[in-house]
Student: 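Got a structure for you, written out below as structure tokens; questions coming shortly.
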Amino acid sequence: MKHRIIHILILLFSINGIAQEHAIRSVEQDKFDVYFDFNESKINVIEKEKILNWYIKNSNIEVSKIYGYCDWVGPNKYNDSLSVKRVKEVYNFLIKNNIVVYDNYEALGFGEDFQQSKKQSKNRKVTIFYNRKDEINSINSLEPIINGAKTDDKIVNETFSEKIMDAKKGDIIILKNIYFKNRSAKIVSESQNSLYELLCAMQNNPNLKIEIQGHICCQLVSDIEDISTLRAKAIFVYLVQNKIKRTRILYKGFGITKPIHPIPEKNPQEEEENRRVEILILEN
């Protein structure tokens, strides 16, 4: 009889353990996605705000898993490494902001080896899986607010490549984060990500033909040294050196003839916006 009672108690504990495990697994289905800029492992400012907004509304949670992902651009080995870096970046940000992460949390980097979305910006992400102690608050009802405005993933995360895909003949797209040495056409290293994204857009859209347009700022007289043309040509040379056909690319400098803001500019921001490189879509 004694042995039978012990057997029943063991069975009850086992059933209880299975039930608890099932409950935990169902809770762990809750998740939150953090999106990354093209070819970046650092969390941008807007995504940091989204994480903090999410946690403010869900402070009674514990993170159990962090999974990293990449788009399919670039070598597989590189993307594997990048996805792991993104996982570490998110983990460090959570810890820094006192968000509870299990000591034995599961960290995995999938690289590009997962079901990819057609929208590339949705593939550059880290997914945070978490348990909620309070089931009343649901993250699905949250709409993170940043500076009084609802966050729009399309606006926040849309990349140059995606703009190119949606562009029509005659559209002009600003190529951001392209920097040159002062009074020079020499491209500085901080521009590499933007150049690489332009290259990928050209590779992924074989019918695309463009005109690279250079603009300068801050001068009341014409572009005597023709810096704007030389800078546009420098980007042209970069593409040709990376095996993009010359017949798909034109380049032209406009000097100060097409400023966004009147010259002289009122502040450094207006100078920066006038000093730009644009892409005119000729065919797509």
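Keep in mind that what you see is a predicted model, and the values were worked out from it rather than measured.
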Student: Please check: side-chain N/O of Asn44 versus main-chain N/O of Phe36, any donor-acceptor pairing under 3.5 Å?
Tutor: no

Student: Holding to ring pair (Phe, Tyr, Trp, His ring centres under 6.0 Å), I want the full list of residues that pass it with Tyr78, two or more places apart in sequence or in another chain.
Tutor: none

Student: Between Leu230 and Phe180, is any pair of side-chain heavy atoms under 4.5 Å apart?
Tutor: no

Student: Do Ser191 side-chain atoms and Tyr179 backbone N/O form a donor-acceptor pair below 3.5 Å?
Tutor: yes

Student: So, do Phe129 and Tyr67 have ring centers that fall under 6.0 Å from each other?
Tutor: yes

Student: Which value, rounded to the nearest 0.5 Å, describes the distance between Asp171 atom CG and Ile210 atom CD1?
Tutor: 13.5 Å

Student: For Tyr105, which residues count as a ring pair (Phe, Tyr, Trp, His ring centres under 6.0 Å) partner, sequence neighbours excluded?
Tutor: Tyr91

Student: How would you list all residue pairs meeting side chain to side chain donor-acceptor pair (under 3.5 Å) that involve residues 237-248, not counting sequence neighbours?
Tutor: none

Student: If you group Ile, Leu, Val, Met, Phe, Trp and Tyr by side-chain heavy-atom gaps below 4.5 Å, do Val240 and Leu208 land in one group?
Tutor: yes

Student: For Ile260, which fellow cluster members are found when Ile, Leu, Val, Met, Phe, Trp and Tyr are connected by side-chain heavy-atom distances below 4.5 angstrom, either directly or through intermediates?
Tutor: none

Student: State the OG-CD1 distance between Ser194 and Ile174, to the nearest 0.5 angstrom.
Tutor: 12.0 Å

Student: If we only count heavy atoms from C-beta on, is the Tyr130 to Ile99 side-chain gap below 4.5 Å?
Tutor: no

Student: Not counting sequence neighbours, which residues clear salt bridge (charged side-chain N to carboxylate O under 4.0 Å, His left out) with Lys252? List them please.
Tutor: none

Student: Mind checking what makes salt bridge (charged side-chain N to carboxylate O under 4.0 Å, His left out) contact with Glu89, not counting sequence neighbours?
Tutor: Lys42

Student: Is a side-chain donor or acceptor of Glu62 paired with a backbone partner of Asn131 at a separation under 3.5 angstrom?
Tutor: no

Student: Starting from Val34, can I reach Val101 by hopping between I/L/V/M/F/W/Y residues whose side chains sit under 4.5 Å apart?
Tutor: yes

Student: Atom CG in Asn53, atom CD in Glu49: separation rounded to 0.5 Å?
Tutor: 6.5 Å

Student: According to the side chain to side chain donor-acceptor pair (under 3.5 Å) rule, which pairs have a member within residues 260-271, sequence neighbours left out?
Tutor: His261-Glu273, Glu265-Asn274, Gln269-Glu273

Student: Does the Lys NZ or Arg CZ of Lys233 fall within the cation-pi geometry relative to Tyr251 - under 6.0 Å from the ring centre and within 45° of the axis?
Tutor: no

Student: Using modelled atom types only, decide if a donor and an acceptor are shared between the side chain of Gln203 and the backbone of Ile244 within a distance under 3.5 Å.
Tutor: no

Student: For Asn98 and Tyr55: C-alpha separation, side-chain torsions, deciding distance, then whether side-chain hydrogen bond (donor to acceptor under 3.5 Å, both in side chains) applies.
Tutor: CA-CA 10 Å; Asn98 299 315; Tyr55 184 61; over 6 Å; no

Student: Using a 4.5 Å cut-off on heavy atoms from C-beta on, say whether the side chain of Met165 contacts that of Asn205.
Tutor: yes

Student: Tell me whether Tyr69 shares a hydrophobic cluster with Leu82, the cluster being built from Ile, Leu, Val, Met, Phe, Trp, Tyr side chains joined at under 4.5 Å.
Tutor: no

Student: Using 0.5 Å steps for rounding, measure from the CD1 atom of Ile263 to the CD1 atom of Ile216.
Tutor: 7.5 Å

Student: So Tyr35 and Arg124, do their side chains get closer than 4.5 Å, heavy atoms only?
Tutor: no

Student: Of all residues at least two apart in sequence or in a different chain, which pass the side-chain hydrogen bond (donor to acceptor under 3.5 Å, both in side chains) check with Tyr196?
Tutor: none

Student: Could you give the distance from NZ (Lys48) to NZ (Lys50), rounded to the nearest 0.5 Å?
Tutor: 14.5 Å

Student: So, the side chain of Asp71 versus the backbone of Ser121: is there a donor-acceptor pair under 3.5 Å, distance only?
Tutor: no

Student: Just how far is it from atom CG of Asp113 to atom CH2 of Trp72, taken to the nearest 0.5 Å?
Tutor: 14.5 Å

Student: Do the side chains of Leu198 and Ile164 get nearer than 4.5 Å, heavy atoms only?
Tutor: no

Student: Using a 4.5 Å cut-off on heavy atoms from C-beta on, say whether the side chain of Val87 contacts that of Phe110.
Tutor: no

Student: Tell me, which pairs form a side chain to side chain donor-acceptor pair (under 3.5 Å) where one or both residues lie in residues 275-284, sequence neighbours left out?
Tutor: His215-Glu278, Glu272-Arg275, Arg276-Glu278

Student: Considering residues at least two apart in sequence or located in another chain, which fulfil the side-chain hydrogen bond (donor to acceptor under 3.5 Å, both in side chains) criterion with Asn193?
Tutor: Asn39, Glu40

Student: For Leu280, what are the other residues in its hydrophobic cluster, where any two members join if their side-chain heavy atoms are less than 4.5 angstrom apart?
Tutor: Ile172, Leu250, Leu282

Student: Tell me, please, which residues at least two apart from Thr127 pass side-chain hydrogen bond (donor to acceptor under 3.5 Å, both in side chains).
Tutor: Asp33

Student: Give the cluster check for Leu195 versus Ile212: same hydrophobic cluster or not, with ILVMFWY residues linked at side-chain heavy-atom distances below 4.5 Å.
Tutor: yes

Student: Is any side-chain heavy atom of Leu94 less than 4.5 Å from a side-chain heavy atom of Ile128?
Tutor: yes

Student: Indicate, with yes or no, if Val126 and Val84 share a hydrophobic cluster defined by side-chain heavy-atom contacts under 4.5 Å among Ile, Leu, Val, Met, Phe, Trp and Tyr.
Tutor: no

